[in-house]
Amino acid sequence: MSQLSLLGTSFQLSGVMAAIRAAMRNAAGAEESEGRKMLVDRLNDLAAQSGIRLTSGNSPAISKATLDKWLSPSDLSHPPSILALLVFCSATDCAEPLRVAARALGFDLMTREDRMLRDYAQAILDEKAARQRKNKLEKEL
């Protein structure tokens with residue numbers, strides 16, 4: 001595990017919101033599609049079930065116009081909150097917007113398959129090390 005520096009940052013924050021918005025647009029589908037309208041309902045339902053407010057205003061739900069502002073590459077005044085981003089990723093079943101945010105901090109997300117492959121590779125390395133210890137002990141006998 002690497003330690004983060006207190007003196008400088010290697011974070012790539014420049015353009016991260018544009019990249020997050022682009023990933024969100026890809027997950028949301030075309031602006032004029034029926035899927036986009038249904039996405040607003042899914043976002044509002046998930047947020048309500050989780051007790052999460054998607055906006056800082058008085059409205060308990062978002063409109064399609066708000067979603068369009070979150071996804072617009074030119075609207076810099078309406079970024080989604082981190083909670084809204086989590087609800088969005090859950091509603092679309094797409095972690096790419098969150099992956100973009102993590103990569104800006106020098107991290108990455110692992111899928112279940114990634115974890116399984118990592119664990120498999122670790123088991124192979126452990127087996128190889130055990131075999132080497134066994135061979136060493138056999139030579140000493």
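All values below come from the heavy atoms of this structure, side chains included, with hydrogens, waters and symmetry mates left out.
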Undergrad: Contact between Glu96 and Asn26 at the side-chain level, heavy atoms closer than 4.5 Å - yes or no?
TA: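 In short, these two side chains do not touch, never coming nearer than 4.5 Å.
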
Undergrad: Less than 4.0 Å between a side-chain N and a carboxylate O, is that true for Arg118 and Asp114?
TA: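 Between Arg118 and Asp114 there is no salt bridge, as every charged N stays at least 4.0 Å from the carboxylate O atoms.
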
Undergrad: How about CZ on Arg112, more than 12 heavy atoms from neighbouring residues, nucleotides or ligands closer than 6.0 Å, or not?
TA: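 12 or below, so no.
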
Undergrad: Does the side-chain contact (heavy atoms from CB on, under 4.5 Å) test come out yes or no for Leu39 and Phe88, once each step is laid out?
TA: CA-CA 9 Å; Leu39 178 57; Phe88 181 89; 3.7 Å; yes

Undergrad: Do you reckon Met38 sits in the same ILVMFWY cluster as Trp70, going by side-chain contacts under 4.5 Å, direct or chained?
TA: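 No, because Met38 and Trp70 fall into different hydrophobic clusters, even though each may have its own neighbours under 4.5 Å.
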
Undergrad: Name the residue from Leu109, Leu85, Ile20 that meets the side chain to side chain contact (heavy atoms under 4.5 Å, CB included) definition with Val100.
TA: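 Output: one option passes, namely Ile20.
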
Undergrad: Do Leu76 and Leu67 share a hydrophobic cluster, counting only Ile, Leu, Val, Met, Phe, Trp and Tyr and linking them when any side-chain heavy atoms are less than 4.5 Å apart?
TA: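 Hydrophobic grouping puts Leu76 apart from Leu67.
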
Undergrad: Only one of Cys89, Pro97, Cys94 passes side chain to side chain contact (heavy atoms under 4.5 Å, CB included) with Met24; say which it is.
TA: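 Running side chain to side chain contact (heavy atoms under 4.5 Å, CB included) over Cys89, Pro97, Cys94 with Met24 returns exactly one hit, Pro97.
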
Undergrad: Asp68 and salt bridge (charged side-chain N to carboxylate O under 4.0 Å, His left out): which partner among Arg36, Arg25, Lys37?
TA: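 Only one of Arg36, Arg25, Lys37 forms a salt bridge (charged side-chain N to carboxylate O under 4.0 Å, His left out) with Asp68, namely Arg36.
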
Undergrad: Does any part of the side chain of Thr111, heavy atoms only, come nearer than 4.5 Å to the side chain of Arg99, both counted from C-beta?
TA: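 Touching, per the 4.5 Å side-chain cut-off.
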
Undergrad: Hydrophobic clustering (ILVMFWY, side-chain heavy atoms < 4.5 Å, transitive) - are Phe107 and Met110 grouped together?
TA: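 No, Met110 does not connect to Phe107 through the hydrophobic network.
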
Undergrad: Hey, does the side chain of Asn44 reach the backbone of Ile62 with a donor-acceptor pair shorter than 3.5 angstrom?
TA: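 Here the side-chain-to-backbone pair exists.
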
Undergrad: Going by atom types only, do Ser77 and Asp75 share a side-chain donor-acceptor pair under 3.5 Å?
TA: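 Yes, side-chain donor-acceptor contact under 3.5 Å.
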
Undergrad: Once you round to the nearest 0.5 Å, how far does NE2 of His78 lie from OG1 of Thr55?
TA: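 Taking NE2 in His78 and OG1 in Thr55, the distance rounds to 10.0 Å.
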
Undergrad: Quick one: does any side-chain atom of Arg53 pair with a main-chain N or O of Ser59 as donor and acceptor, under 3.5 Å?
TA: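 Checking the backbone N and O of Ser59 against the side chain of Arg53, a donor-acceptor pair under 3.5 Å is found.
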
Undergrad: Counting neighbours of CG on Asp93 that are heavy atoms of other residues, nucleotides or ligands and sit closer than 6.0 Å, is the number greater than 12?
TA: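 It does not: Asp93 CG has 12 such atoms or fewer within range.
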
Undergrad: Tell me whether Arg21 contacts the main-chain N or O of Ser72 through its side chain, where contact means a donor paired with an acceptor under 3.5 Å.
TA: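 Yes: the side chain of Arg21 pairs with the backbone of Ser72.
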
Undergrad: Counting only pairs under 3.5 Å, give me each side-chain donor-acceptor contact of residues 122-141, with atom names and distances, residues two or more places apart or in other chains.
TA:
unit_1	atom_1	unit_2	atom_2	d
Gln122	NE2	Asp126	OD1	2.8
Asn135	ND2	Arg131	O	3.4

Undergrad: Under the side chain to side chain donor-acceptor pair (under 3.5 Å) rule, collect the residues that match up with Ser50, sequence neighbours excluded.
TA: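 Ser50 satisfies side chain to side chain donor-acceptor pair (under 3.5 Å) with no residue once adjacent residues are dropped.
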
Undergrad: Check each of Leu83, Thr66, Leu43, Leu46 against Leu54 using the side chain to side chain contact (heavy atoms under 4.5 Å, CB included) test, and report the only one that passes.
TA: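 Answer to the side chain to side chain contact (heavy atoms under 4.5 Å, CB included) test with Leu54 among Leu83, Thr66, Leu43, Leu46: Leu43.
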
Undergrad: Nearest 0.5 angstrom please: Lys69 NZ to Ser63 OG, how far?
TA: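 Lys69 NZ to Ser63 OG: 7.0 Å, rounded to 0.5 Å.
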
